[in-house]
Chemist: 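The structure is given below, and queries will be raised subsequently.
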There are 2 protein chains.
Amino acid sequence: MELSCKSEYAILALLELAAHYDSGEPLQIRQIAAEQNIPDRYLEQLLATMRRSGLVRSQRGAKGGYILAREPWKISLLDVVESIEGLDSQPPEPKQGTKSVEGMVIWEAWKEACLAAEAVLQKHTLQDLADKRDARQQLDLMYYI
Amino acid sequence: MELSCKSEYAILALLELAAHYDSGEPLQIRQIAAEQNIPDRYLEQLLATMRRSGLVRSQRGAKGGYILAREPWKISLLDVVESIEGLDSQPPEPKQGTKSVEGMVIWEAWKEACLAAEAVLQKHTLQDLADKRDARQQLDLMYYI
DNA sequence: GTATACCCCGGTTCTCCAGTGGGGTTTTGC
DNA sequence: GCAAAACCCCACTGGAGAACCGGGGTATAC
């Protein structure tokens with residue numbers, strides 16, 4: 001149930017890409033890393049993973065960078081986590097056979113819990129999070145004044 | 001979202017204890033381990049952890065062993081997992097401050113997913129799993145005949 | 001008082017996370 | 001062309017935790 005550093009970095013990076021999605025221009029790893037305080041060489045690996053999963057597209061060479069592969073409201077947190085965590089969400093069997101009836105019953109209950117969590121992650125999109133972030137920042141500003 | 005070997009062993013052991021709960025007599029580590037194919041020295045550690053969490057009680061000396069601390073329908077899978085996994089389910093903050101608004105928004109969504117999963121685990125008790133196991137075994141028997 | 005069984009502590013191997021580094025390839029702009 | 005900018009790929013390290021194994025201590029029944 002632990003949110004890994006990897007996944008958090010990935011989501012932060014995608015939020016940054018979502019913010020610049022309308023411009024149509026690619027964002028560089030360095031800029032994202034600087035903005036969100038992420039080690040850039042590490043972020044590079046995460047973005048490469050997400051590129052292979054089809055979440056982002058990359059443009060090589062000078063003036064290159066990364067762009068979201070689709071609109072921010074079409075990317076859910078589940079998409080990100082599954083991409084970055086290696087889609088090992090539901091192994092078909094707990095081990096390599098399990099065989100025991102007890103093992104099956106336990107695994108079914110566990111799977112039900114996983115599905116419940118995934119359903120929540122599925123309905124949260126990058127757009128949602130970006131909107132919530134904006135609202136939160138507006139609120140902070142009002143308190144400040 | 002991964003069901004660890006630890007937790008599965010722990011649940012298997014408690015199911016075994018639940019099956020012998022009516023007898024009122026303690027079950028020994030060796031017997032549980034043999035019945036469920038768990039390394040006994042490892043199971044010992046898990047049972048010690050669950051004893052410290054108050055899920056089971058132990059009786060030392062000859063004819064000793066372990067007994068459930070309360071009735072099987074009063075122990076949920078969430079109890080077991082939290083005990084065995086070290087109750088690190090919801091850290092109040094992702095890191096040691098997070099500070100960024102983005103980090104907070106992400107963490108809130110994640111917490112929502114965790115709560116959904118925990119709600120599922122909460123409603124599954126040892127009694128439930130034991131009943132399902134029995135029903136499954138009956139079914140297997142019918143197919144066999 | 002001895003056998004039984006829990007109790008505590010420490011070590012070992014393995015895998016994964018988090019992060020760093022080197023060297024290669026593609027593209028822009030001159 | 002050519003150099004700089006940027007992605008691309010591979011490998012390595014340090015630390016943490018999982019899954020064990022083993023030794024010696026302690027309480028309890030018979």
Side-chain angles (χ1 to χ4, degrees), chain A residues 1-13 17 20 25-34 36-53 55-69 81 83-89 91 94-96, chain B residues 1-13 17 20 25-34 36-53 55-69 81 83-89 91 94-96:
Chain A
M1 307 287 195
E2 195 75 18
L3 175 61
S4 72
C5 210
K6 278 173 87 168
S7 297
E8 190 180 351
Y9 284 165
I11 299 170
L12 285 171
L17 289 182
H20 293 146
E25 296 195 342
L27 249 185
Q28 292 120 23
I29 292 180
R30 287 289 178 81
Q31 297 184 25
I32 305 175
Q36 296 293 341
N37 285 319
I38 304 173
D40 50 356
R41 307 295 271 115
Y42 190 41
L43 178 58
E44 191 181 336
Q45 296 176 23
L46 304 181
L47 284 171
T49 300
M50 290 193 282
R51 181 182 55 81
R52 282 187 278 268
S53 304
L55 287 182
V56 297
R57 277 179 298 109
S58 68
Q59 187 168 331
R60 301 181 67 165
K63 301 270 179 178
Y66 284 91
I67 320 181
L68 288 186
V81 173
S83 162
I84 222 66
E85 225 74 32
L87 65 106
D88 54 351
S89 304
K95 293 292 172 216
Q96 73 286 12
Chain B
M1 307 288 191
E2 195 75 17
L3 174 60
S4 71
C5 208
K6 277 174 89 167
S7 297
E8 190 182 352
Y9 285 166
I11 299 171
L12 285 171
L17 289 181
H20 293 145
E25 296 195 340
L27 250 184
Q28 291 122 24
I29 291 179
R30 285 290 175 82
Q31 297 183 26
I32 304 174
Q36 296 292 342
N37 285 319
I38 304 173
D40 50 357
R41 308 297 267 114
Y42 191 41
L43 179 58
E44 190 180 337
Q45 296 176 22
L46 304 181
L47 283 170
T49 301
M50 291 192 281
R51 181 181 55 81
R52 282 186 278 268
S53 304
L55 287 182
V56 297
R57 278 179 298 110
S58 67
Q59 187 169 332
R60 301 181 68 165
K63 300 271 177 178
Y66 284 91
I67 321 182
L68 288 186
V81 173
S83 162
I84 222 66
E85 226 73 30
L87 64 104
D88 53 353
S89 303
K95 293 290 172 220
Q96 74 285 11

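Owing to the predicted nature of the structure, the values given are computational and were not obtained by experimental measurement. Here is how names work: the chains are called A, B, and so on, in the same order as the sequence lines, proteins then strands, and each is numbered from 1. Note that these values count all heavy atoms, side chains included, but never hydrogens, waters or copies made by symmetry.
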Chemist: Counting side-chain heavy atoms from CB outward, which of dA18(C), dA18(D), dC6(C) is closest to Cys5(A)?
Modeler: dA18(C)

Chemist: Heavy atoms from C-beta onward define the side chain here; which of dC21(D), dC7(D), dA18(D) lies closest to that of Glu85(B)?
Modeler: dA18(D)

Chemist: With sugar-phosphate meaning primed atoms plus P, OP1 and OP2, does Arg57(B) contact a base, only sugar-phosphate, or nothing at under 4.0 Å between heavy atoms?
Modeler: nothing

Chemist: Nearest to the side chain of Ala62(A) - dG21(C), dC17(C), dA4(D)?
Modeler: dA4(D)

Chemist: Which nucleotide wins on minimum distance to the side chain of Tyr9(B), given the candidates dC17(C), dC8(C), dC20(D)?
Modeler: dC20(D)

Chemist: Would you name the heavy atoms of Ser83(B) and Thr49(B) that are closest together and state the gap between them?
Modeler: O-CG2, 3.6 Å

Chemist: Could you check which of dG24(C), dC20(D), dA18(C) has an atom nearest any side-chain atom of Arg60(A)?
Modeler: dG24(C)

Chemist: dT28(C) P sits how many Å from Gln28(A) CD, rounded?
Modeler: 13 Å

Chemist: Between Ser7(B) and Ile84(B), which heavy-atom pair has the shortest distance, and what is it?
Modeler: OG-CG2, 3.2 Å

Chemist: Just to confirm, is there a sub-4.0 Å distance from OP1 or OP2 of dC6(C) to any side-chain nitrogen or oxygen of Arg51(B)?
Modeler: no

Chemist: I need the CG-P distance between Asn37(B) and dA19(D), as an integer number of Å.
Modeler: 16 Å

Chemist: Take atom CD of Glu2(A) and atom C1' of dA18(D), then tell me their distance rounded to the nearest Å.
Modeler: 15 Å

Chemist: Please report the interatomic distance CZ(Arg52(A)) to CG(Leu47(A)), rounded to the nearest 0.5 Å.
Modeler: 10.5 Å

Chemist: Show the nearest heavy-atom pair for residues Leu46(A) and Lys6(A), with the distance to one decimal.
Modeler: CD1-O, 3.7 Å

Chemist: If every non-hydrogen atom of Pro26(B) is compared with every non-hydrogen atom of Gln59(B), which pair is closest and at what distance?
Modeler: CG-OE1, 4.1 Å

Chemist: Under 4.0 Å from OP1 or OP2 of dC6(C): is there any side-chain N or O of Arg52(B) that close?
Modeler: no

Chemist: Calculate the interatomic distance between Tyr42(A) atom OH and dT20(C) atom P; express it in whole Å.
Modeler: 11 Å

Chemist: May I ask you to verify whether the side chain of Arg41(A) and the base of dT20(C) hold a donor-acceptor pair under 3.5 Å?
Modeler: no

Chemist: Out of curiosity, Glu8(A) CD to Leu3(A) CG, how far, rounded to the nearest 0.5 Å?
Modeler: 5.0 Å

Chemist: Atom CG of Leu43(B) and atom P of dA19(D): how far apart are they, to the nearest Å?
Modeler: 13 Å

Chemist: Counting any heavy atom closer than 4.0 Å, what does Gln45(B) reach on the DNA or RNA strands: base, sugar-phosphate only, or nothing?
Modeler: base

Chemist: Could you pick out which residue, Asp40(A) or Ser58(B), lies toward the 5' side of DNA chain C when each is mapped onto its nearest nucleotide?
Modeler: Ser58(B)

Chemist: Hey, which of these two, Glu44(B) or Lys6(A), hits DNA chain C nearer its 5' end, going by closest nucleotide?
Modeler: Glu44(B)

Chemist: Without decimals, in angstroms, what is the distance between Glu8(B) CD and dA18(D) C1'?
Modeler: 14 Å

Chemist: Leu47(B) near the nucleic acid: base, sugar-phosphate alone, or nothing, with a heavy-atom cut-off under 4.0 Å?
Modeler: nothing

Chemist: Taking CG from Leu17(A) and P from dC7(D), how many angstroms apart are they, rounded to a whole number?
Modeler: 11 Å

Chemist: Tell me: OH of Tyr66(A) to C1' of dA6(D), nearest whole Å?
Modeler: 9 Å

Chemist: Is any side-chain nitrogen or oxygen of Lys63(A) closer than 4.0 Å to OP1 or OP2 of dT28(C)?
Modeler: no

